[in-house]
Amino acid sequence: MHFIFDIDGTISFKGQPVSAPIMNCLARIQEAGHIVGFASARPCRDMLPVLDERFHHNLLIGANGAMTYFQGERLASSPLPQATADAIMSLLHQYEAAYLVDDEWNYAHNLEGTHPFLFHVDPLRLAACLPMNEIYNVIKILVLGSNRLEELTEKLKSLDTTLHYHSAEGIVDMTSIGVNKMAALRSFGIIPGQFVCFGNDMNDIPMFQQAGYSVAIGSFDKLLPLASCNIPVDSDTEERIIAKLEELAFGNGIPGNAASTSA
């Protein structure tokens, strides 16, 4: 069975690396013959710092499905059409937005050097921060702020992209149209109904719609109706995640994709 994990807010909390107990549990699952993969809003470059080195060559789906790495090599990427990327950047300059742009490995941004988001960008110094005119394949654009963010977001929605508006954080991210985590899984050969997934946010919805079993972490209202079970975020979250993983991997098999219940 394939086990696919979102990272931030699902198995990693407050930007910290995934804990040793969860990583060790995933290693046990892998040693038992299950396949472990990760699907994140982060570019693959920024998934590595929060994962144990034992998993750096596993399936990594980054940028909400816009890039796929496996065994340390890039298998696929879905850049924005150049005209679309240019239209987005024009709007970002017009609305004086703060942004970060990822290509297939490197990045560009207009953030102040002390911007807190930069602490999470390429901490292992694996990539290069380039001028925007040297980013030739725009994979993902992240908008981190604007004085008129809601107005800007409405303008961006009119463009031909996959857009996620994270109202709680006040950020917007955009990838090419049709890009999502499930599309990347299918391209890798993982078929609907034949995987377990863990997630917490809107970008996990396409996976939850196709999973054989799905575990929602937290209380995102649009994800819960699709989840086979729900684990609340509290002081016992990590222990509950490990218990659920052991149940699914070493118990009596994957239960049917039943209605959402509390774990």
Side-chain angles (χ1 to χ4, degrees), residues 1-13 15 17-18 22-23 25-27 29-30 34-52 54-79 102 104-105 120 139-140 142 162-164 166 173-218 220 222-223 226-229 231 241 244-245 248-249 254 257:
M1 180 64 70
H2 287 86
F3 284 79
I4 308 297
F5 299 88
D6 174 52
I7 294 179
D8 291 285
T10 297
I11 56 173
S12 167
F13 301 94
V18 181
I22 290 181
M23 289 275 86
C25 180
L26 297 186
I29 289 172
Q30 193 160 258
H34 297 287
I35 307 300
V36 173
F38 306 90
S40 175
R42 293 174 180 244
C44 294
R45 171 200 72 230
D46 291 343
M47 297 168 70
L48 299 178
V50 295
L51 298 174
D52 189 289
R54 290 174 290 180
F55 298 92
H56 283 192
H57 285 72
N58 284 43
L59 172 64
L60 303 178
I61 292 172
N64 290 326
M67 59 175 69
T68 300
Y69 279 73
F70 181 60
Q71 296 182 346
E73 300 293 331
R74 177 168 54 85
L75 295 186
S77 62
S78 301
D102 285 298
E104 291 160 336
W105 192 254
H120 306 292
I139 299 296
K140 178 184 171 185
L142 183 68
T162 299
L163 183 147
H164 296 113
H166 306 276
D173 68 61
M174 287 156 290
T175 52
S176 188
I177 193 72
V179 163
N180 62 64
K181 294 178 180 181
M182 187 63 226
L185 289 174
R186 284 196 298 267
S187 294
F188 188 72
I190 299 175
I191 62 175
Q194 298 300 307
F195 66 94
V196 173
C197 68
F198 283 61
N200 78 314
D201 207 347
M202 67 184 299
N203 55 3
D204 298 312
I205 287 175
M207 290 197 303
F208 274 55
Q209 291 172 327
Q210 301 291 325
Y213 192 89
S214 54
V215 181
I217 308 299
F220 182 60
K222 292 181 175 61
L223 199 62
L226 303 170
S228 306
C229 97
I231 294 177
I241 288 171
K244 177 57 67 175
L245 283 169
L248 295 172
I254 306 301
N257 196 8

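- With rounding to the nearest 0.5 Å, the separation of CG in Leu51 from CD1 in Ile22 is 11.0 Å.
- Taken to the nearest 0.5 Å, the CD atom of Gln194 stands 9.5 Å off from the NE2 atom of His2.
- Atom CG of Asn64 is separated from atom CD1 of Ile139 by 12.5 Å, given to the nearest 0.5 angstrom.
- The minimum heavy-atom distance linking Phe195 with Met207 is given by the pair CZ-O, 3.6 Å.
- His34 and Phe3 have perpendicular rings, their planes meeting at more than 60° on a 0 to 90° scale where under 30° would count as parallel.
- When every heavy atom of Ile190 is checked against every heavy atom of Met182, the shortest pair comes out as O-CE, 4.0 Å.
- Looking at Thr175, its side chain never comes within 3.5 Å of a backbone N or O of Ala63 through a donor-acceptor pair.
- The minimum heavy-atom distance between Ile177 and Thr162, with the atom names listed, is CA-OG1, 3.6 Å.
- Within the model, atoms OG of Ser12 and CD1 of Ile7 stand 7.0 Å from one another, a figure rounded to the nearest 0.5 Å.
- Of all heavy-atom pairs between Asn180 and Pro206, the closest is OD1-CB, 3.7 Å.
- Looking at every heavy atom in both residues, Ser78 comes nearest to Ser176 through O-CB, 3.7 Å.
- At least one side-chain heavy atom of Lys222 sits less than 4.5 Å from a side-chain heavy atom of Ile205.
- Contact record, Phe13 with Thr10: CZ-O, 3.3 Å, taken as the closest heavy-atom pair.
- The side-chain hydrogen bond (donor to acceptor under 3.5 Å, both in side chains) search around Arg54 returns Asn24, Asp52, not counting sequence neighbours.
- No side-chain heavy atom of Phe188 sits under 4.5 Å from any side-chain heavy atom of Ile61.
- Interatomic distance, NZ of Lys244 versus OH of Tyr213, reported as 3.5 Å (0.5 Å rounding).
- For the pair Val18 and Phe38, the minimum side-chain heavy-atom distance is 4.5 Å or more.
- Between Ile241 and Val215, the closest side-chain pair of non-hydrogen atoms is not below 4.5 Å.
- Side-chain N or O atoms of His164 include none that pairs as donor or acceptor with a backbone N or O of Asp173 at under 3.5 Å.
- Take Asp6 and apply the salt bridge (charged side-chain N to carboxylate O under 4.0 Å, His left out) test, not counting sequence neighbours, and it matches Lys181.
- The salt bridge (Lys or Arg N to Asp or Glu O under 4.0 Å) test with Asp102 is passed by exactly one of Lys140, Arg45, Arg42: Arg45.
- Aromatic ring pairs are classed by plane angle as parallel below 30°, tilted from 30° to 60° and perpendicular above 60°; the pair Trp105 and Tyr69 is tilted.
- Looking only at distances, a side-chain donor or acceptor of Asn58 sits under 3.5 Å from a matching main-chain atom of Val36.
- Rounding to the nearest 0.5 Å gives a distance of 12.0 Å between CD of Glu73 and CG of Leu60.
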